[in-house]
2 protein chains.
Amino acid sequence: MTCSMKDLNGKEYKCFFELTLLVIGGKWKPIILYFLFREKVLRFGELRKRIPEVTERMLTKQLRELESDGLVHREVYKVVPPKVEYTLTPIGERLIPVLESMREWGVEYEEFLYDGEVLKGEGYEKK
Amino acid sequence: MTCSMKDLNGKEYKCFFELTLLVIGGKWKPIILYFLFREKVLRFGELRKRIPEVTERMLTKQLRELESDGLVHREVYKVVPPKVEYTLTPIGERLIPVLESMREWGVEYEEFLYDGEVLKGEGYEKK
DNA sequence: CAGCATCCGACGGGATACTG
DNA sequence: CAGTATCCCGTCGGATGCTG
């Protein structure tokens, strides 16, 4: 496995792990992708409701990045009031199994944490 | 899927995707994990040789985080000159299939990029 | 050999206010 | 409704130098 330098929209990556991380690494991207996968078509405001903690600015930014990376399709309707719908592209959908496997490992990992190998005697508290 | 707030070593996460991203998200972590998976036992200097671009500081930092997150085991031999060996823990090994699926998607995604949906007419160049 | 300490720049991401 | 435009700050990660 040689890891030569390539780049994606100005961001560098040395191997395919990193390429994938570049694309899904934004703070809100996995959640956005997951909601789009579950509900197929969502408007901007609908996404906001489903992810209440995100600010408009960040939601816009992350969606634009997902769009320019080709994972999300943005359909603009020329009406008043404005209407914009977001959907996954085919390559975006192919990412879902990866997210699923990450989720599964996360579940397992959390159990591991509570079983105490790491947190043994460190005063960790669950909120 | 409700996403309530929890935290891992002070870092917050709302769902299992994010938990996994917290743990593997460091710039050099996937590569470190992958080399440890392939070669089972590696000393600090051996890791450096395999990842020439990383600085000592960053390699140390990422290894310490992986260790405190329970993915990597650090074995210190009290000899002169110092000798430290790194290995994957069981939960660390269980992460490998996830990294593999990320790598596979990355390969597919790169093909998609070169087929031009995203880069069509944007002057993208392969180095 | 395997590190830690310090300094520093870049940028990811938050808060707030404004608009076609 | 679906965004921009500013401002700002914390952190990630690089460079360099020192040590048990």
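In what follows, every chain begins at residue 1, and chains take the letters A, B, ... in the order their sequences are listed.
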Exercise. For the hydrophobic clusters of this structure (ILVMFWY residues joined by side-chain heavy atoms under 4.5 Å, transitively), does one cluster hold both Y77(A) and L47(A)?
Worked result: no
When you check the phosphate oxygens OP1 and OP2 of [N], does a side-chain N or O of [X] lie under 4.0 Å from one of them?
X      : N       : result
K27(B) : dG14(D) : yes
K11(B) : dC12(D) : yes
Q62(A) : dG12(C) : no
K49(B) : dC1(C)  : no

Problem set entry | Value rounded to 0.5 Å, distance of CG in L99(A) from CZ in F37(A) | 9.5 Å
For this session: Would you mind reading off the bend of the helix from dC1(C)-dG20(D) to dG20(C)-dC1(D) from its two end axes, five pairs each, to 10 degrees?
Result: 50°
Exercise. For atom CZ of R50(A), is the number of surrounding heavy atoms from other residues, nucleotides or ligands below 6.0 Å larger than 12?
Worked result: yes
May I ask you to decide whether [X] forms a salt bridge with [Y], counting only side-chain N to carboxylate O separations under 4.0 Å?
X       : Y      : result
K14(B)  : E12(B) : no
E108(A) : R94(B) : yes
K49(B)  : E46(B) : no

Specify the separation, in whole Å, of atom [atom1] of [X] and atom [atom2] of [N].
X      : N       : atom1 : atom2 : value
E46(A) : dG3(D)  : CD    : C1'   : 16 Å
E12(A) : dC12(D) : CD    : P     : 20 Å
L59(B) : dA2(C)  : CG    : P     : 10 Å
K14(B) : dG13(C) : NZ    : P     : 11 Å
I51(A) : dG14(C) : CD1   : P     : 12 Å
Y86(A) : dA2(D)  : OH    : P     : 8 Å
L22(A) : dC11(C) : CG    : P     : 14 Å
L47(A) : dG3(D)  : CG    : C1'   : 14 Å

Problem set entry | Donor-acceptor contact present, side-chain Y109(B) to main-chain D69(A), <3.5 Å | yes
For this session: Would you check if the side chain of Q62(A) reaches a backbone N or O of W28(A) as a donor-acceptor pair within less than 3.5 Å?
Result: yes
Quick one: which protein N/O atoms are closer than 3.5 Å to N/O atoms of nucleotides 16-20 of chain D? Pair and distance per line, please.
none

Selected nucleotide, minimal atom distance to [X] side chain, candidates [options]:
X      : options                 : answer
R43(A) : dG3(D), dC1(D), dG14(D) : dC1(D)
T60(B) : dC1(C), dA2(D), dG3(C)  : dG3(C)
V84(A) : dG3(C), dG13(D), dG3(D) : dG3(D)

Problem set entry | Closest non-hydrogen atom pair between R48(A) and L59(A), with its separation | CG-CD2, 3.4 Å
For this session: Show your reasoning for whether side chain to side chain contact (heavy atoms under 4.5 Å, CB included) applies to R74(B) and V76(B).
Result: CA-CA 6 Å; R74(B) 180 164 176 264; V76(B) 182; 3.9 Å; yes
